[in-house]
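Every value quoted in this text rests on a predicted model; they were computed, and no experiment measured them. Order of the sequence lines fixes the chain letters, A, B, ..., with proteins taken first and strands second; residue numbering starts at 1 for each chain. Just so you know, these numbers use all the heavy atoms, side chains as well, and skip hydrogens, waters and symmetry mates.
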Amino acid sequence: MTVVAAMLLDAYRELNSKKLFWITLVLSGMVVICYGSIGFDEDGMSILYGLKHVDSEFIKQGSPWARAMYMGIFSDFVVTIWLSWIAIILALISTTTIFPDFVASGTIDLVLAKPITRIKLFVIKYLTSLLFVVLQVGLFCVGVFACVGLRLGEWNWMIFSAVPIVTVFYSYLYSANVLTGILTRSAITALLLTMLFWCGLWSIQSSEVLLNQFRFMSQIQAERAQEIVDRVEASLATADDAENGVSDRQRLRWERELDGAQEDHEQAQELEQTLTTWHRRVRVGVIILPKTQHTVGLLSRWLKDPQGFSIIAMMRGDMTGMMPGSNANRPTGVDAETSRRMEAYYDDTSPWFIITSSLGFELLVLGVACWMFVRRDY
Amino acid sequence: MATTNGEYVIDLHHVEKIYRGKVHALRGVEMQVHRGEIFGLLGPNGAGKSTLVKIMMTVVRPTRIGGTLLGRPIGHKPTLRRVGYLPEDHRFPRYLTGRQALEFYAALAKVDRRTRKRRAAELLTTVGMSDWADKKVSTYSKGMMQRVGLAQALVNDPQLVLLDEPTDGVDPVGRREIRDVLVELRRRGTTIFLNSHLLSELEMVCDRVAILVQGKVVMQGTIDDLTAQSRRYEITIQGAAPDWAQGDPSIRVEVLSDGQSKLIVQGSEPGPMQPILDRLRGESRIICAMEPVRETLEDLFMRAVTDPATGQVLAPGASPPVGRSGKGGRR
């Protein structure tokens, strides 16, 4: 325990000595201030602490859309853009020197000569290195928690789930940073290779999402074409049975419509099959590798309104349809339907699978790094 | 050797290290260090001194090793709780102050909080760094770093201290202070293993020394024992050496430039000198000087690093492997 406490204190002192740690903290504070500047009243919402007012019949004090928007800004934008990109890049820049410095000649000798096994030393050093993100996100969440409480009157402790989520997300990348740091003993090289790894992950996950999106679009288009085929065939059958004065011209138009729909259906089905094959292949990579986007996406899932009120639904144009007592139908366009199916598809993936499979890969990377750390002569 | 491990604080047998199959750094080192002594390890650059110390401190993994450190096998981590170590060119994290560094390394050595705070304060005073205790180590000079480094090696109140070039970069006053600290530690029963290039300093404090050349211990013992065979008496006389002296195989004659001659007689006892002196006086020779002479540690060192066959100083550094030994387990 003495060793863990000492290394934790040392990690804090190291962070404390880094300007970037404080710069990130100040930037986080500014993001919280901006977030807190959005408020709601009976007529709509205000921005920049009342400097600008937007009248809205949907987004106003007490409405589910106001909640959806405010929580959505946090989970879908602040976490996704600020915590998962900008703050993580700053964290990687700040912490990339930790392991190369730790294994530098003259420094490592002092530590290895102590009565601690190398494995224990590696594990403690790794875990304490995550302190940067834990502190940053923890303090950030305190600010957001206060904003949500004051603006919506909802003291939502689930906001703090961002701390483990973002830390786990960061740890996927940091494990690669540690491996390359130990391998090359160069902070710059480790940072560049980590960024490359991150870009690789992003590319694979984005490809999977895009392929999936196109696959659903083709699927919906095939379904729609099939609906037309069914409808036209039914019309033709009725016309044949009744022989009740359907003109040849009308019949010809239906037959042309049927041919077109059948062709569309075949094309859409063929495309869907091709996309499904490719999607399946890319998905293998997604399953094996850390799922950064899905991990961060868990937060939106956990914070979303059970009735389906979400900022994504707002952006999709579902607002009117979901209002209580509304008779309007939800938008039925291919894009909206694709979006719904995508949401359902990804919501079906269990958080347990997302986290454990990603941590499995991280463990593998860390295992290699630890093995190298333990076997090396310094 | 008819001794038990308990007598030795360090008892090393056939220590071998081959770095990645390229450099044969240690080639069967045998070394024993007694309890409560200051032991000096000498050797030219690249002889394997630091590697040997690092192996004892588990920083480097030996290719083959036998023996004990404080009675436990080399590599036994809990034993290191009772060992202090100052590596060569050590670097403390730059964001720590001297006091914080000492407390941090004491905590890693599992010293309790109260004790480490007390020890840090005491040791900073001992090494003359109390005024700088709360300044960042990034502001320290090389000598200051060495002083704090020494304090770090002692912070866990060790029974054995291994110091690799402890006076490197330290001014003469500091070197003397460090020497005094070492002597005081020995008085209190601490064993000190000193690795240094400064032969004169080692000569002043070491009870025993070992000389490591190209990965092998070529000499080991007390300085008196090692220099015993070089002890001699030198008699300087006016004029040429007598014929009987030139014909005596126990006497070596040197002709000096100023018309004098020097008779060199091996041995450390004055008794055998008396008949020679009587005979010289009997021949009315003028005896200018007579002095007992002993090799310095530097002479001893130079003798150890000189190839007796060629008279040339051996090339520095470890030699490449001649083929890996199959004995012993690779660790």
Side-chain angles (χ1 to χ4, degrees), chain A residues 1-22 94-95 97-125 128-129 131-132 182-183 185 187 370-378, chain B residues 17-20 23 25 50-51 53-63 72 75-97 100-101 103-113 115-116 136 138 145 149 152-153 155-156 158 162 164 331:
Chain A
M1 199 57 210
T2 308
V3 173
V4 176
M7 290 188 72
L8 201 61
L9 181 62
D10 181 63
Y12 169 72
R13 282 175 175 154
E14 187 168 5
L15 294 181
N16 198 22
S17 71
K18 289 180 190 291
K19 281 184 188 155
L20 254 180
F21 176 78
W22 294 103
S94 295
T95 56
T97 54
I98 291 179
F99 266 84
D101 283 354
F102 182 60
V103 297
S105 176
T107 306
I108 189 70
D109 309 47
L110 287 165
V111 183
L112 289 182
K114 302 300 175 201
I116 319 158
T117 61
R118 288 190 183 195
I119 293 176
K120 192 173 173 186
L121 203 58
F122 178 88
V123 172
I124 298 173
K125 187 70 185 174
T128 54
S129 300
L131 189 68
F132 184 102
I182 286 181
L183 195 69
R185 299 199 197 194
C370 185
W371 182 78
M372 290 174 66
F373 176 77
V374 169
R375 297 283 304 174
R376 183 176 279 178
D377 289 327
Y378 295 93
Chain B
K17 177 65 189 176
I18 302 170
Y19 281 109
R20 290 180 183 257
V23 180
S50 291
T51 298
V53 174
K54 284 181 176 189
I55 284 175
M56 286 191 273
M57 297 310 299
T58 72
V59 177
V60 165
R61 297 152 48 81
T63 305
R72 305 303 295 265
H76 183 249
K77 276 283 187 183
T79 304
L80 298 180
R81 206 170 168 172
R82 297 181 283 146
V83 182
Y85 173 48
L86 172 65
E88 187 182 13
D89 294 329
H90 65 281
R91 285 197 300 179
F92 292 129
R94 295 171 63 80
Y95 49 85
L96 295 180
T97 65
Q100 286 170 345
E103 290 178 7
F104 172 62
Y105 290 108
L108 294 188
K110 299 177 182 176
V111 178
D112 67 82
R113 192 166 178 270
T115 310
R116 64 180 182 249
K136 292 266 192 296
S138 54
M145 285 290 275
Q152 174 278 139
V155 78
N156 54 335
L162 289 93
D164 201 349
R331 292 169 57 109

Using every non-hydrogen atom in the two residues, find where [X] and [Y] come nearest and quote the distance to one decimal.
X: B:R61; Y: A:V374; value: CD-O, 3.8 Å
X: B:L96; Y: A:R13; value: CD2-CD, 3.6 Å
X: B:A109; Y: A:P115; value: CA-CD, 3.7 Å
X: B:V60; Y: A:Y378; value: CG2-O, 3.4 Å

*Find the one option among B:L80, B:V59, B:T79 whose heavy-atom pairs under 4.5 Å with chain A are most numerous.*
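Top count of heavy-atom pairs under 4.5 Å with chain A: B:V59.
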*If you count heavy-atom pairs under 4.5 Å with chain A, which of B:H90, B:Q152, B:Q100, B:R113 comes out on top?*
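The answer is B:Q100.
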When you measure from the side chain of [X] to the backbone of [Y], do you find a donor-acceptor pair of N or O atoms at a distance under 3.5 Å?
X: B:K77; Y: A:I116; result: yes
X: B:K110; Y: A:V3; result: no
X: B:T58; Y: A:L112; result: yes

Just so I understand: if I count every heavy-atom pair under 4.5 Å between each of [options] and chain B, which residue has the most?
options: A:R118, A:R376, A:M7, A:K114; result: A:K114
options: A:N16, A:L121, A:I108, A:T107; result: A:T107
options: A:S17, A:A113, A:S105, A:A5; result: A:A113

*Nearest-0.5 Å distance, OH of residue B:Y19 to CG of residue A:D377*: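 Between atom OH of B:Y19 and atom CG of A:D377 there are 5.5 Å.
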*To the nearest 0.5 Å, what is the distance between OG1 (A:T2) and CG (B:L108)?*
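Answer rounded to 0.5 Å: 10.0 Å.
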*What part of B:V83 lies closer than 4.5 angstrom to a heavy atom of chain A: side chain, backbone, both or neither?*
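Neither part.
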_Taking salt bridge (charged side-chain N to carboxylate O under 4.0 Å, His left out) as the definition, give me every residue that meets it alongside A:D10, ordered by chain and number, with sequence neighbours left out._
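Testing A:D10 for salt bridge (charged side-chain N to carboxylate O under 4.0 Å, His left out), a comparison that skips the adjacent residues, returns A:K125.
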*asked:* Taking CG in A:L8 as the centre, count heavy atoms belonging to other residues, nucleotides or ligands within less than 6.0 Å. Is the count above 12?
replied: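 It does: A:L8 CG has more than 12 such atoms within range.
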*With a 4.5 Å heavy-atom cut-off, do A:D109 and B:K54 have their side chains touching?*
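Heavy-atom side-chain distance check passes, below 4.5 Å.
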_By ring pair (Phe, Tyr, Trp, His ring centres under 6.0 Å) - contacts of B:F104 (at least two apart)_ =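 Testing B:F104 for ring pair (Phe, Tyr, Trp, His ring centres under 6.0 Å), a comparison that skips the adjacent residues, returns none.
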*Where does A:A104 contact chain B at under 4.5 Å (heavy atoms): side chain, backbone, both or neither?*
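Backbone plus side chain of A:A104, per the 4.5 Å heavy-atom cut-off to chain B.
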